[in-house]
Amino acid sequence: MIKIKRIFCFGLISAAMVAVSCGKTVPAEQSIDIVPLPASVTAANGKFMLKAATPVVQTFGDERMAYAVNFWSGVTEELFGRAAETVYAEAPQKSAINIMQDESLAEEQYRLKVGASGIEIAAKGPEGVFYAFQTLRQMLPAAAFAGDGARIEIPACEINDKPYFAYRGFMFDMGRHIFSVDEVKDMLDILAMHKINKFHWHLTEDQGWRIEIKKYPRLTEVGSIRKSSPTGRNQGQDGKPYGGFFTQDEVRDIVQYAAERFITVIPEIEIPGHSVAALAAYPALGCTGEQYEVATWWGVDERVICPGKEGSFTFLEDVLTEVMDLFPSEYIHIGGDECPKTMWKKCPDCQKRIRKEGLKNEAELQAYVTKRVEKFLNDHGRKIIGWDEILEGGVTQSATVMAWRGPSYGIQAAKLGNHVIMSPNSNCYLDYYQTRDVENEPLAIGGYLPLETTYALDPYNQLNDEERKFILGVQGNLWTEYIDNYEYAQYMTLPRLSAIAEVGWSYDRKDYDSFLKRMNHITQLFNHYGYNYCKHAFGTADADNNVQTK
Ligand code: ACM
Ligand code: ZN
């Protein structure tokens, strides 16, 4: 409707007259409310009038700068029905958004100056420019997104901003339920809005293998489909086949989409546990060689990859070779969590490996697997992340530990001198209930993790200055046993992702009351984009929170 109206205007009168005769001025809002909180915001007098004709003047930049500028073009299309013009120039121009280089700034840092005569974004490179544009979008009055303004007021100010932690992540589990390419991209947009820079993509599980591997077609032919899924809280079976996977072309498309938002996709291939789907496809990978079916129950499964057999390592190296081709990420996540040792204890091949390698027990056998896979990845220029169980049986110094069972595992790893990503279930498990009133919520895995608790995460707790250096950052995890549709995935993610983002970006300045107040603005953006978010923390009626689930 908006577009039709605009075409009508342009069709009848000159573009110069449009602003005067069929557009209005959208006034600036009272305060500058940005999530995550910038390092400093200094309000000034006056306003910049953003118009359809406001160009972006690029005084420097490579092809990746186009990603940042394209983002802003998308915003201006929403505001005015057309993309901002981009001009390449040596010097800044008046009444424009000028992108300037400041080599003294850090990679993700930016300075955003808004004045009556123009806007200046200073950054070292495109990352900072992209984050400045994200901030600028949040500075727009919410009413601007109605799309009928000819002039949009942006309050004069100077913002100096940079992230506290280098790693600000979100994990999305595709194993229990899979989401479409468009839904994954939509989630990447949500991450970008929050200046989250790592997308940890959980691609393999007992209940489904979700990535095409050319050398092992049965991983997807067999391993991507389970014949039934649990109902209720893992009580019954629905008897309906469920499946899906991402082709390598789709993976490349998503990796590129993320790169255009300055998000690195970190794939996770679960090793050696949570692998029943792989074993169903290739039974020789298991200790007994038995033919299994793709798992149809949630939980921890005893059927895991057999490290006694050389063929298991050939398989893992082949799979990881294709994974490395698809994902340029420095890190590959190799899982490592919840690997029962029951089968290994009874397996002659596993016991032989233990003896041959001089290992003490099955915990050391898992460490042997982790180290061998890590060496393979290191030899190819990559690093590993593993869930905190990789600490058991001995861990190399070069492995990064993702603490999930509690902050204590991250503390233990940091004290050992390992890099750590804090994503403890006590604060970061986005599949937990957000209210105690669970009767009126869609079925969730359990737990109780309100927004305030997520926000309260202190990744540095109990660490001295030296140990703090090993904390790379934080991550929110969305496991999807109980999340079978994207609307529900958004509901569980938002607004807790906003809290994770603020811990990650604004750790040294975070303040829950200020955060709640600033959420008033970003939730208007959520509304504009149709994101489904939980409103309990904002004191809204429960009825608003209902989402469809199976
Ligand atoms: C996990 O939640 N098993 C990492
Ligand atoms: Zn075995």
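Within 6.0 Å of CD on E63 lie no more than 12 heavy atoms contributed by other residues, nucleotides or ligands.
Salt bridge present: E392 and R405 bring a charged side-chain N and a carboxylate O closer than 4.0 Å. The residues D189 and K185 are annotated as not salt-bridged, no charged nitrogen and carboxylate oxygen being separated by less than 4.0 angstrom.
Counting only heavy atoms from C-beta outward, the side chains of V474 and S423 never approach each other to under 4.5 Å. Side-chain contact between P307 and S312 is absent, with no heavy-atom pair separated by less than 4.5 Å. A heavy-atom distance below 4.5 Å is found between the side chains of M187 and F172.
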* Going through the checks in order, is the side chain to side chain contact (heavy atoms under 4.5 Å, CB included) test met by Y531 and I522? -> CA-CA 11 Å; Y531 299 155; I522 199 170; over 6 Å; no
* To do: Would you check, one step at a time, whether the test side chain to side chain donor-acceptor pair (under 3.5 Å) holds for Y368 with E362?
  => CA-CA 9 Å; Y368 168 82; E362 287 73 21; over 6 Å; no
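Stacking of R261 on the aromatic ring of F71 is not recorded, the 6.0 Å distance cut-off and the 45° axial limit not both being met. Judged by the 6.0 Å distance and 45° axis criteria, R303 is positioned over the aromatic ring of Y292.
Between the N70 side chain and the A66 main chain, a donor and an acceptor come within less than 3.5 Å of each other.
Taking K341 as the reference, Q366 meet the side chain to side chain donor-acceptor pair (under 3.5 Å) condition, with sequence neighbours excluded.
Interatomic distance, CD1 of I332 versus NE2 of H380, reported as 11.5 Å (0.5 Å rounding).
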